[in-house]
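The structure appears below as structure tokens.
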Amino acid sequence: MSVIVDVVLGIQHGDEGKGKVTHHLLKSGDYTHCVRYNGGCNAGHTIYHEGVKFVTHHIPAGVFFGVKSIIGPGCVLDVHKFLAEIQMLKEGGINIENKIYVAKNAHIIQEVHRWMDHDETRVGTTRTGNGPCYSDKYGRGGLRAYQTKELQPYLLDMYEEFYIHQPDAVVLCEGAQGFALDVDWGDYPYVTSSHCTTAGALLNGFNPKSLRKIYGVAKVYETYVGAKSFQPANPVFDKIQNAGEEYGATTGRKRQCNWMSLDILLKAVQMNGVDHLIINKLDVLEEVDEWSVRLGESLLTFQNKDQFTNYVSQYLSGVEVTFSGSPHRI
Ligand code: IMP
Ligand code: MG
């Protein structure tokens, strides 16, 4: 017996709709565990569960289905926000009893980290203390979950869980942010401080041979929140921003918009071993009814949706591509 791991990851700048995809996959009932593998409360996952909207920052979507949900050692945790999120889920009628765990060796976002990040302007962070916490982790001055009194009831050892107690586990690993924000492969320094790649999931203690299926999540247009200038001057992007309600789930900031970059998408698919790509928010471009993609320095424009989707699918041949046009389902 050995553990099976599927991964869901964002392959643009975050906010691609990973929460929806994870929620959809968990519905199958195939998974015993759901693990968040990177990032902290900089992430905001919007999930519609039984018609009710939930925004979570730390806790993986498995909790909505009674699946054991773990905040992995690749993550950083804001204890107050974590406890508040548990309360929010309880009040929303979600049964969380014995379902939420934190890896013993995850790192804790401390007051000093929040303070250092609170007026950050260079990168345009979410100001949640994420970067300074990872700095301390790698500088070996950090605080781990097991050293925190309030977290004692939630602690879990990844080795014991997956190699001793439940070697037959089927795990869905849920990534935060996206490949274009990855600390190594994103547009440094306009990146987050964690590993948003498929490899980042493995860093949480999974054997590379345990990988089964890799789901990449993208949007039909791109959005970015942060300090660099990203949105070209063209009123179509204001239309997309409005139609797509592109505001950050964590900070409420306006997300800058641009056409999807196909060659960068292909790079992300290749480097992360994506087998199945879900491209969200087709309904938004239908509403705006303009169809373009970037390819290198060029802009390709199409007459209609079918021409657009055919071109994209052909460009990405070799990967199973699904276009989704609903916030509630795939
Ligand atoms: P940090 O992760 O808060 O340090 O922010 C670094 C960069 O990542 C900034 O450009 C943030 O806007 C961006 N970022 C962090 N988390 C998310 C997310 O969940 N969605 C979109 N952008 C994010
Ligand atoms: Mg988000």
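Numbers here simply count residues along the sequence, with the first being 1. As the structure lists them, so they are numbered: ligands from 1, and atoms in each ligand from 1.
Using 4.0 Å as the threshold, Asp117 has no heavy atom nearer than that to any atom of ligand 1. Ligand 1 does not have Lys228 within reach: every non-hydrogen atom of the residue lies 4.0 Å or more from it. Contact analysis leaves Ala176 out of contact with ligand 1, as no non-hydrogen atom separation drops below 4.0 angstrom.
Heavy atoms of Asn42 found under 4.0 angstrom from ligand 1 belong to the backbone as well as the side chain. If you look at Val191 next to ligand 1, the close heavy atoms, those under 4.0 Å, all belong to the backbone. Of all the heavy atoms of Thr126, the ones lying under 4.0 Å from any atom of ligand 1 are found in both the backbone and the side chain.
Atoms of ligand 1 found under 4.0 Å from any heavy atom of Val225 (numbered from 1 in listed order, with element): 9 (C), 10 (O), 11 (C), 12 (O), 13 (C). The contact set between ligand 1 and Asp15, taken as ligand atoms under 4.0 Å from a residue heavy atom, comprises 20 (N), 21 (C). Numbered from 1 in the order shown, with element, the atoms of ligand 1 that lie under 4.0 Å from a heavy atom of Gly226 read 10 (O). Numbered from 1 in the order shown, with element, the atoms of ligand 1 that lie under 4.0 Å from a heavy atom of Leu181 read 8 (O), 13 (C), 14 (N), 22 (N), 23 (C). The His13 neighbourhood of ligand 1 comprises atoms 21 (C), 22 (N), with distances under 4.0 Å to a heavy atom of that residue.
Relative ring orientation between Phe230 and Tyr224 is described as tilted, the plane-to-plane angle lying within the 30° to 60° band. Classification of the His49-Phe65 ring pair by plane angle, with boundaries at 30° and 60°, yields perpendicular. Tyr154 and Phe82 have perpendicular rings, their planes meeting at more than 60° on a 0 to 90° scale where under 30° would count as parallel.
Between Glu174 and Lys18, no side-chain nitrogen of the basic residue sits less than 4.0 Å from a carboxylate oxygen of the acidic one, so the salt-bridge criterion is not met. For the pair Lys213 and Asp6, the salt-bridge criterion is not met [side-chain N within less than 4.0 Å of a carboxylate O].
The main-chain N or O of Ala106 is never found under 3.5 Å from a side-chain atom of Arg144 such that the two would form a donor-acceptor pair.
Atom CZ of Arg329 has 12 or fewer neighbouring heavy atoms from other residues, nucleotides or ligands inside a 6.0 Å radius. More than 12 non-hydrogen atoms from other residues, nucleotides or ligands lie less than 6.0 angstrom from CE of Met271.
Backbone and side-chain nitrogen or oxygen atoms of Ala227 are examined, and none is located within less than 3.5 angstrom of a nitrogen or oxygen of ligand 1. Looking at Arg127 next to ligand 1, no N or O pair under 3.5 Å apart turns up. Not a single N or O atom of Ser193, backbone or side chain, sits closer than 3.5 Å to an N or O atom of ligand 1. Close N/O approach between Thr125 and ligand 1 is not found [any backbone or side-chain N/O within under 3.5 Å].
Atom-to-atom distance recorded for Leu316:CG and Leu265:CG is 5.5 Å, nearest 0.5 angstrom.
The heavy-atom pair separating Phe179 from Ala268 by the smallest distance is CD2-CB, 3.4 Å.
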